[in-house]
There are 2 protein chains.
Amino acid sequence: MISIYESFENLSEAKKQAILNAGFRVFGEYGYSKASVEEIAKEAGISKGSLFYYFKNKRNFFLYLYKYAAHLMKQLVDSPDGNGIPKYMEKTDFFERLEDVKERKMKLAILHPYMSSFIKKAPFETSQEVYKDIQIINQRLAKERIGDFLKNIDIYKFKDGIDPYMVLQLLTWCSEGIVHHFQLISLADPDNKQNEVDYDRVLSLYDQYVAMIKNNFYKEEYL
Amino acid sequence: MISIYESFENLSEAKKQAILNAGFRVFGEYGYSKASVEEIAKEAGISKGSLFYYFKNKRNFFLYLYKYAAHLMKQLVDSPDGNGIPKYMEKTDFFERLEDVKERKMKLAILHPYMSSFIKKAPFETSQEVYKDIQIINQRLAKERIGDFLKNIDIYKFKDGIDPYMVLQLLTWCSEGIVHHFQLISLADPDNKQNEVDYDRVLSLYDQYVAMIKNNFYKEEYL
DNA sequence: ACATACTTGACCAAATCGGTCAATACATTT
DNA sequence: AAATGTATTGACCGATTTGGTCAAGTATGT
């Protein structure tokens, strides 16, 4: 990632991740205008002064986060190295390719637990300070994502009348719903003081839904 | 609804709805601690002083909103009059009963567009001023809802190995996903300055997903 | 020892916060 | 029309928080 924020990017990986995650969490929870730089710095384990040293001001930091997130979301469907045929494209079976993306998403969710809520809220940002910039990034973001997944997919394996796009959409909402479900559970669990989500259980439940979908949407000869 | 806030409840219906909706919107967007009473009052078209006149303080107002929302959510699956057999229970077919609930949800979504985001965010509230009270209300809320829907349902109509609970869950996430999808679209549409969601399109898309599910999860003789 | 880059926390003016209250407007009763 | 009680307002308050600055200090490399 080319950037003018060298001082930030020369930081240790652990420190960078701590700062990014703190930003995702606080901006994601309160939105741009109500998020406090002080709170972010505290959560990242650095001083407020340092944050301003890295990014000059609040706006720059927020937009850096959003671009960073958009970049990662793009990488999710593109090839990791950015050129040539995306790796997951080698597989033409819908559910095999889904398995690939699932693992990537999982790694991302563990690396940046609050990125998804941040990226979900950002488009609704109304602060004039940033909302123009957000829209520009959004346009690039919307075009990619779900569209490319279906390229070169063996759609003939689906039963007649089934739209693979709808199936993909359904499973996407399903995975989001499951994560949210377990977030609620972790909140209600007094033993889990960190409110960490149990991703093993998320995955196994998700797999159940995938299996149900596949069993009934695929032609029998391809099960 | 029995209440100590008579001065509020004696208001005209239009005024009450405006105040409730403003509260849902602002609390839902920023959370309890960062939500500004001033902003809520402005959006509701009243003065800040009036809001304090009705509810004494911020906390009371927030908890009133949450109880109000919980009450409506309960009504969604219960009978409207609160006693006797819920109306929708008369129908034992999964998708017929779903149709019933769908219409109720739709009316609710039009009456209180921001209630769902409010109620989705509230459980994650960390402000010590309110979080204890939220947990208490949550426990009552969690038990109801999705569980009762399946009572007396003709589960034999589903193909073997299909869990109706999972189907219901899937369709719930689906409807939420569709609404969110159209919210994004309305944001990107420069002609739609009010960012109003087109519920006709929401419904028709939702119906497509329901049809797909039903066609493949129901035994053929019940289609 | 020197220079450079990083890090901090006290500090600032400005804005915002929840909440109060005297004044006013309105409606109803006498 | 006078009196009474209720709604409604917006200016106002002290307290807190805000984004941002900066001088002073630490760490690092040469």
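Throughout, protein chains are lettered first and strands after them, A, B, ... in sequence-line order, and every chain is numbered starting at 1. From a predicted model like this one, the values you see are computed outputs, not experimental measurements.
In this structure, CZ of A/Phe8 is placed 13 Å from P of C/dC6, rounded to the nearest angstrom. For the pair B/Lys34 NZ and D/dT16 P, the interatomic distance rounds to 15 Å; values are reported in whole Å. Distance CD (A/Glu38) to P (C/dC12): 16 Å, rounded to an integer number of Å. The separation between A/Asn10 atom CG and D/dG29 atom P is 13 Å, rounded to whole Å. The interatomic distance linking A/Ile46 (CD1) with D/dG20 (C1') rounds to 15 Å, in whole Å. Computed from coordinates, the B/Leu11 CG to D/dT9 C1' distance equals 14 Å when rounded to whole Å. The distance between atom CZ of A/Phe52 and atom C1' of D/dC22, rounded to the nearest whole Å, is 13 Å. Note: CD (A/Glu39) to C1' (D/dT17) measures 12 Å, nearest angstrom.
Remark: A/Tyr114 OH is loosely packed, at most 12 non-hydrogen atoms of other residues, nucleotides or ligands lying under 6.0 Å away.
For B/Ser47 and D/dG10, the shortest distance from a side-chain N or O to OP1 or OP2 is not below 4.0 Å. Between D/dT8 and B/Tyr54, a contact under 4.0 Å exists linking OP1 or OP2 to a side-chain N or O. In terms of phosphate contacts, B/Lys15 brings a side-chain nitrogen or oxygen within less than 4.0 Å of OP1 or OP2 of D/dT8. Regarding contacts with the backbone of C/dC21, every side-chain N or O of B/Lys48 stays at 4.0 angstrom or more from both OP1 and OP2. For B/Ser50 and D/dT8, the shortest distance from a side-chain N or O to OP1 or OP2 is not below 4.0 Å. Under 4.0 angstrom from either OP1 or OP2 of D/dA7 there lies at least one side-chain N or O belonging to B/Tyr53. A/Ser36 has a side-chain polar atom (N or O) that falls below the 4.0 Å cut-off from OP1 or OP2 of D/dT18.
Using a 4.0 Å heavy-atom cutoff across all strands shown, B/Ala35 reaches sugar-phosphate atoms only and no base atom. If you check every strand for non-hydrogen atoms under 4.0 Å, B/Phe55 touches nothing.
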* Applying salt bridge (charged side-chain N to carboxylate O under 4.0 Å, His left out), run through A/Lys105 and A/Glu176 and close with a yes or a no. => CA-CA 11 Å; A/Lys105 275 191 180 172; A/Glu176 290 170 5; over 6 Å; no
* Asked: Would B/Lys121 and B/Glu125 count as a salt bridge (charged side-chain N to carboxylate O under 4.0 Å, His left out) if you check the C-alpha gap in whole Å, the side-chain angles of each, and the deciding distance to 0.1 Å?
  -> CA-CA 7 Å; B/Lys121 180 158 191 165; B/Glu125 200 59 63; over 6 Å; no
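Under the 6.0 Å cut-off for aromatic ring centres, A/Tyr206 and A/Tyr199 do not qualify, their centroids lying 6.0 Å or more apart.
In this structure a side-chain-to-backbone donor-acceptor pair under 3.5 Å is present from B/Lys34 to A/Lys34.
You'll find that the side chain of A/Asn57 is closest to D/dG20, out of D/dG20, C/dC6, D/dT8. When each of C/dG19, C/dC6, C/dT8 is scored by its nearest atom to the side-chain atoms of B/Lys58, the top-ranked nucleotide is C/dG19.
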